[in-house]
Structures are given as structure tokens and as C-alpha cells.
Amino acid sequence: MTIEPSRRGEILVVGLGPGPDAWRTPEVSDALARADDLQARVVLSNAEEVLGVNSRAELAVAEEIMQRRLRAAAMAQGATLVAPETVFFSYDTVIGRDVTIEPNVIVGPGVRIADGVTIRGFCHIEQASIGEGATVGPFARLRPGAALAKHAHVGNFVEIKNAEVAEGAKVNHLTYIGDASIGAKANIGAGTITCNYDGFAKHRTEIGAGAFIGSNSSLVAPVKIGDGAYVGSGSVITKDVADDALAVARAPQDERAGWAAKVRARRARDKSK
């Protein structure tokens, strides 16, 4: 390593020789000081604050340090983390008081969690807001634009994207809600899907306050379900439904008495031949 004396206003050129010791920062700084007849001083710092990140493994170490700090801050502010080492926050996560987060929850960027929220295990949340007293999960996914109001319920295997779930509304099981709004105290049955994409553009579904959507229903957007309306289970809804109306869109049930017994008998005869 070669050092040339510097002059004020000029750039100092440092020639570094080959070998494993060529890039030792303390040696470089000491040599720079000596070249200008100056003294070098050492500033003590927490090792974590000056940790170098030069590989994926070192990045993982830095992330672990950051997560430990974020978890500690959340608990200090009144959140309960059932298994802290399994919960991951973003640098900008906002968490209220008396929040309970169960194991294996990942919180990505842009998430706000209000007071009294319960997030059950194995949830993934990003760019979403969760209102006071709401419940999420287990196994739920809140994608960008998901907005849950006070006391909303989003249950297991539910995905919410770019949608508002109003106060007291329930989306409890096996449901996809995308590009939609759900009114206060509406109930969305298991297996409901908002069919928001036609292959070219996204379309919105509006579900009114107090509406009831039966299980295994498909709401083909754009479509509006009125306040207090009912959608029969298994329906494919392609037209707007008025307030307090019942909409059923499925094939009529056809029952044929004795059909099963006759088929079993015929199959048994064929098998015995």
C-alpha cells in the first residue's frame, strides 16, 4: 500500500497492494493521517451499528438484528407476540396497543395495525390496514389495498386484495375478495369468489351493508349486491341484486327416486359376468 501526502482541496490517491490484508480500513485511515502528519483517533461504536454487509449470509445476520429490535419495540408498546422469533415485521410497520400476534406471521411494508387486533397464525400481510378490534386468520393473506374496519373478521384461507371490509363484516372461510367493497355487518359465506378479472381489466364488486352471500357463490364483476340482499348458495351472480332481494342463479335440482339402487344392481350384474 502506498500513500501520497495530500493537499487541501485535492483528492488523495491511495494505492492498494494485492493480498488478503490490502483492504483493512484501520490501516488505510492510519496511513492517510500519517501522510498529512496528523493523528488518528478511534471512535467506539456498537458492533451492530457498523456491521458490514458483503454477502447474503451477512445480510441475513443484519436482518436478524433488525427483526429482534422491531419485535422488542412492538412488545414494549403493548403488543403480545406469542412466539416472537417467528414473527417478521417491516421497518415501517405501525402496531397499536393490546395487539396479539400468533406464530408464523409475516408483515410486509406499508401495514398499519390498530389497537386490540388479533392476528392468528400463518398470516401474510402487506400494504394493508387493520382496524381496531379486527381479527385476521389463521392462514389469511391481506394483499395491497386491503382495508379492514373496526371489528371486521377475516378467517382461515381468505385472501383480500384492494378491497374494503366495513365494520363488523365477516369473511370467515375459503374466500377471495378482490377489487371490492363489503358493507357493514355483511356476511360472506365459505367459498365465495369475486370474479374481478376478465382477462383484460379488473372490475369492482360492491356488497351492501347487512348482505348475506351464500357459500360457494361467484360474483362476476362488475356487479352490485344491495343492502340486506341474500344470494343463494352456489349461485353465479352476473346482474345487480336489489336491496333486500333474494338472488339464486343455479341449475334446478333433479331427483330420481331409486336411481342409485338400480345403477348399483346393474353394475353388480355386469361385474359378475
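Position 1 is the first residue of the sequence, and the numbers go up from there. This structure is a prediction, so every number in the text was calculated from the model and none was measured.
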Would you indicate whether [X], at its atom [atom1], is surrounded by more than 12 heavy atoms from other residues, nucleotides or ligands within a distance under 6.0 Å?
X: Tyr230; atom1: OH; value: no
X: Glu64; atom1: CD; value: no
X: Arg97; atom1: CZ; value: no

Side-chain donor/acceptor of [X] to backbone N/O of [Y], under 3.5 Å:
X: Asp227; Y: Ala209; result: yes
X: Thr194; Y: Gly178; result: yes
X: Glu206; Y: Lys224; result: no
X: Arg112; Y: Ile130; result: no
X: Thr80; Y: Thr100; result: no
X: Thr175; Y: His173; result: yes
X: Arg141; Y: Glu159; result: no

With a 4.5 Å heavy-atom cut-off, do [X] and [Y] have their side chains touching?
X: Pro222; Y: Arg204; result: no
X: Val171; Y: Ile182; result: yes
X: Leu81; Y: Phe89; result: yes
X: Phe139; Y: Asn104; result: no
X: Val223; Y: Lys239; result: no
X: Ile65; Y: Gln67; result: no
X: Ile119; Y: Ile125; result: yes
X: Ile177; Y: Ile188; result: yes

Starting from [Y], can I reach [X] by hopping between I/L/V/M/F/W/Y residues whose side chains sit under 4.5 Å apart?
X: Met75; Y: Val107; result: yes
X: Tyr91; Y: Val99; result: yes
X: Val105; Y: Met66; result: yes

All ring-ring contact (aromatic ring centres under 6.0 Å, His included) counterparts of [X], not counting sequence neighbours:
X: Phe88; result: none
X: Tyr197; result: none
X: Tyr176; result: none

Once rounded to the nearest 0.5 Å, what's the spacing between atom [atom1] of [X] and atom [atom2] of [Y]?
X: Lys262; Y: Arg256; atom1: NZ; atom2: CZ; result: 10.5 Å
X: Lys185; Y: His151; atom1: NZ; atom2: NE2; result: 10.5 Å
X: Ile213; Y: Thr192; atom1: CD1; atom2: OG1; result: 6.5 Å
X: Asn187; Y: Asn172; atom1: CG; atom2: CG; result: 7.0 Å
X: Ile207; Y: Ser181; atom1: CD1; atom2: OG; result: 7.5 Å
X: Asn196; Y: Lys202; atom1: CG; atom2: NZ; result: 6.0 Å

For the residue pair [X] and [Y], what are the closest heavy atoms and their distance?
X: Ala247; Y: Val241; value: CB-CG2, 3.6 Å
X: Ala128; Y: Leu142; value: CB-CB, 4.0 Å
X: Ala211; Y: Ile225; value: CB-CG2, 4.3 Å
X: Val111; Y: Gln127; value: CG2-N, 3.6 Å
X: Arg250; Y: Gly232; value: NH1-C, 3.9 Å
X: Leu70; Y: Ser90; value: CD1-O, 3.7 Å

Under the side chain to side chain contact (heavy atoms under 4.5 Å, CB included) criterion, do Ile101 and Val82 qualify, and how do the steps go? CA-CA 6 Å; Ile101 302 179; Val82 176; over 6 Å; no
Yes or no on side chain to side chain contact (heavy atoms under 4.5 Å, CB included) for Asn216 and Ser233, after CA distance, side-chain angles and deciding distance? CA-CA 6 Å; Asn216 201 35; Ser233 297; 5.9 Å; no
Test Arg143 against Glu126 for salt bridge (charged side-chain N to carboxylate O under 4.0 Å, His left out), laying out the working first. CA-CA 5 Å; Arg143 292 173 57 192; Glu126 57 181 326; 5.8 Å; no
Check the pair Asp198 / His203 against side-chain hydrogen bond (donor to acceptor under 3.5 Å, both in side chains), numbers first and verdict last. CA-CA 8 Å; Asp198 62 7; His203 304 279; 2.9 Å; yes
Are Val154 and Leu148 close enough, and set up right, to give a side chain to side chain contact (heavy atoms under 4.5 Å, CB included), and what steps lead you there? CA-CA 9 Å; Val154 170; Leu148 277 55; 3.6 Å; yes
Yes or no on side chain to side chain contact (heavy atoms under 4.5 Å, CB included) for Val220 and Val236, after CA distance, side-chain angles and deciding distance? CA-CA 7 Å; Val220 183; Val236 178; 3.9 Å; yes
